[in-house]
Every structure is written in structure tokens, then in C-alpha cells.
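All remarks here apply to the structure that follows.
Within every chain, numbering begins at 1; the chains are lettered A, B, ... in the order of the sequence lines, protein sequences first and strands thereafter. Because the structure is predicted, anything quoted here is derived from the model rather than measured. Keep in mind that the numbers below use all heavy atoms, side chains included, and drop hydrogens, waters and symmetry copies.
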Protein chains: 2
Amino acid sequence: MSRSLPKQRLRVWLRMLSAQREIETGLREALRVKFDSTLPRFDVMSALDRYRDGLRMSELSAKLKVSNGNVTGIVERLAGEGLVERVAVDGDRRAMQVRLTPTGAERFAEMATAHEGWIDEQLSAFDSDELEQLIRLLERMGGENA
Amino acid sequence: MSRSLPKQRLRVWLRMLSAQREIETGLREALRVKFDSTLPRFDVMSALDRYRDGLRMSELSAKLKVSNGNVTGIVERLAGEGLVERVAVDGDRRAMQVRLTPTGAERFAEMATAHEGWIDEQLSAFDSDELEQLIRLLERMGGENA
DNA sequence: TGCAGATATTTTATACTTGAAATAAATTCT
DNA sequence: AGAATTTATTTCAAGTATAAAATATCTGCA
């Protein structure tokens, strides 16, 4: 006998939360011990790596779906470590373009390789067909994306 | 042509993060405006609602997959609002049993109803078969669980 | 031109989160 | 019993996160 649709949806949600929290715990730990870094920093660097010309603060927070003020702090720390730099945008003195420094790009490359490996392990139970299924389903969850 | 398995797994992971962050943003906002509460508080209350006799601090943090110290703070605030209470465990003076107060249980019931509705909306795109698929797939992600 | 409103970002206050250290109490092992 | 270890929880320092207020700049339009 199948549950009511709302209950079933709730179940999916709770299961998703649980799986994600577990995987994140592993990633966080790995980033910490191998790179002395954190997930939020990795996320920011990852976004910047995909946009080599850099991103505005607001673009960054939109892509990561986190608040503006949040990004300010993370970028500040990354800048302090010399991994990213903020450059004035000419034509708009309000805006800031953030991009990886060469050191940052290099460092990110190492982290990304390791990260991909960790995720590969965590999702090793799934074959290509199942992954395709998951993608298709997840793409319909929430709204648009990237 | 299909990507390499590791890349495909990474794609699934990123998509899952994105969907979840989006849904969480909605929930957080809803909890804030309707109940002047937060997601972590809701999570704690939800766990306690399923265990009416209460849970130890350590059981609570294990169920929620968050650190001990984290739970201390959230429970403290909930206790301040009169929604949970901490009682000494007899036979073990180190331990604390946390449980919903009557007010807390009542309040949680309202929140849970609303929460289920919000999730139902967010996942409204999926029918029963798809939800079943999702559950089965998600259950194999990460390790065991609840 | 000049200003009303829109944008981009930072700042602030508060809450959440972790990992590690500190307490305190129970258990184990002589 | 008494010391060493383990277990339950809190405290702490630092980082992450949000929403809202504050700044600074830009844009459109009377």
C-alpha cells in the first residue's frame, strides 16, 4: 500500500537531506585535512574557475544561492590567502569583479581533482543509467539551475 | 555520448546541492515569516516529536548528523522559548534527556502541517512512481539511515 | 540639470556550525 | 578502592549564514 503523495514527497525530501548531510561531512573533513580549506571556500573557487574572467559579487552569490553578505566574508578570507583577487570594474564603481589568482587557479585544480574523486567514491554505488535517471529527476526539482 | 562516470557522478552531486539549496531557501523563509522560527529548530523539534519520551543530547546530534556543540545551542534557545525541556536522566548524571513541552508539541504540530505542505508544493512535479524511484535511489546514497 | 529610485556591495546583529578542548561522571581494570 | 579510560555534554574560537540596514553609485526622467 502506498502512502499519500504529500507523505511520499516528504519522505523523499528527508532522505535527500540525510544523504547530502552525510556526504558533505565526508567532503568537509577531506578538504580540511588535505587542503586546510572548507566547503564554502571550495564552492566559491569552483564558481570562479568556471568563469575565468571573474564574477561580480552579486553574480557569485546568485550562482551559489547564498546571501551577498555571506560571499563578502568568504571572498575576503580567500583574498587574504592570496587565492582570489578583487578588481574594480570600470564603468561601474560600485561593482567588484572577483577572480582566481594564478596561485588560486593552481590550488583549485588540485582540490577539484581530489573533490571529484571523493564524490566518485560516495556515489560509487550508481552506474551510468542510474546517474542519468537521477540527473533527470533532480533537474525537475526546484526551479532552474546550473 | 556519455560522460565519464566520475564526471557524471559529480554532475549528480552538483545538481542535488543546487536543488536542495533552493528548496531550503523557501522553507527557511516560510518558517521565519509564519512561525518566527528556523530550519535547525524545526529539525530538532521534529526529531523530538518522533520520540515523545525524549532523546539524549548525543542521540539528537546523531540523528540530525550535526555536532554535539551545535545541538547544545539550539536546544538552549528552544528551551528559552519554552518549547523543549531538559530533564536529568536518573542513573546517569552526565546525561540530559530533551523533550518537547506540551506547548512545544502543539506548536510543532502546526509547523509540521505547514512544512509538509511546502514540501508537497516544491516536489509537486513528481508523481508516485517517480517518488518511489527517487527514494530507492537516494536510499543507496551515503550509508545507512533514517 | 537634478533628483527619485534602482543597483551593487558592505556592514551589522544574530544565529548556526564545526572541531577541539574542557568538565564531569561512569566504567574498567587491577 | 583507586587510577586510567571512556562516555556525555558544554564551552570555546573561528568560520559560515541570513536578513536588514547602511553606503555608494548609477539611471531615468521631469
Between [atom2] of [N] and [atom1] of [X], the distance in whole Å:
{"X": "A/Glu59", "N": "C/dT7", "atom1": "CD", "atom2": "P", "answer": "15 Å"}
{"X": "B/Asp36", "N": "D/dA19", "atom1": "CG", "atom2": "P", "answer": "13 Å"}
{"X": "A/Gln97", "N": "C/dA8", "atom1": "CD", "atom2": "P", "answer": "12 Å"}
{"X": "A/Leu60", "N": "C/dA8", "atom1": "CG", "atom2": "C1'", "answer": "13 Å"}
{"X": "B/Glu24", "N": "D/dA19", "atom1": "CD", "atom2": "P", "answer": "12 Å"}
{"X": "A/Lys63", "N": "C/dA8", "atom1": "NZ", "atom2": "P", "answer": "14 Å"}

Measure all distances between protein nitrogen or oxygen atoms and nitrogen or oxygen atoms of nucleotides 21-23 of chain C, and list the pairs falling under 3.5 Å.
none

Got a sec, which residues hit side chain to side chain contact (heavy atoms under 4.5 Å, CB included) with [X], two or more places apart in sequence or on another chain?
{"X": "A/Ala105", "answer": "A/Arg52, A/Leu100"}
{"X": "A/Arg28", "answer": "A/Glu24, A/Leu39"}
{"X": "A/Arg11", "answer": "A/Arg3, B/Ile135, B/Glu139"}
{"X": "B/Tyr51", "answer": "B/Leu55, B/Lys63"}

Are any of the side-chain nitrogens in A/Arg107 or A/Glu81 under 4.0 Å away from the carboxylate oxygens of its partner? no
With sequence neighbours left out, what residues match B/Phe42 under ring-ring contact (aromatic ring centres under 6.0 Å, His included)? B/Phe108, B/His115
side-chain contact (heavy atoms from CB on, under 4.5 Å) assessment of B/Arg99 paired with B/Asp53: CA-CA 7 Å; B/Arg99 60 185 186 210; B/Asp53 296 338; over 6 Å; no
What pairs of residues pass the ring-ring contact (aromatic ring centres under 6.0 Å, His included) test when at least one of them lies in residues 58-93 of chain B, not counting sequence neighbours? none
If a pair satisfies ring-ring contact (aromatic ring centres under 6.0 Å, His included) and one of its residues is in residues 57-81 of chain A, list it, with sequence neighbours excluded. none
For nucleotides 20-23 of chain D, tabulate all protein N/O to nucleotide N/O atom pairs closer than 3.5 Å, reporting atom names and distance.
unit_1: D/dA20; atom_1: OP1; unit_2: B/Arg32; atom_2: NH1; d: 3.4

Quick note, side-chain hydrogen bond (donor to acceptor under 3.5 Å, both in side chains) partners involving residues 69-80 of chain A, not counting sequence neighbours, are none
A/Asp127, CG: over 12 other non-hydrogen atoms inside 6.0 angstrom: yes
Closest non-hydrogen contact found for A/Gln97 with A/Gly54 is NE2-O, 3.0 Å
Distances for protein N/O vs nucleotides 13-17 of chain D N/O pairs under 3.5 angstrom?
unit_1: D/dT16; atom_1: OP1; unit_2: A/Thr38; atom_2: OG1; d: 2.6
unit_1: D/dT16; atom_1: OP1; unit_2: A/Arg41; atom_2: NE; d: 3.2
unit_1: D/dT16; atom_1: OP2; unit_2: A/Arg77; atom_2: NH1; d: 2.3
unit_1: D/dA17; atom_1: OP2; unit_2: A/Asn70; atom_2: ND2; d: 3.4
unit_1: D/dA17; atom_1: O5'; unit_2: A/Asn70; atom_2: ND2; d: 3.1

Quick check: on DNA chain C, is the nucleotide nearest B/Val71 upstream (toward 5') of the one nearest A/Arg86, or the reverse? Name the residue that is more 5'. A/Arg86
About how many Å separate CD1 of B/Ile119 and CZ of A/Arg9, when rounded to the nearest 0.5 Å? 11.0 Å
Nucleotide N/O of nucleotides 1-8 of chain D paired with protein N/O under 3.5 Å:
unit_1: D/dT7; atom_1: O2; unit_2: B/Arg94; atom_2: NH1; d: 2.6

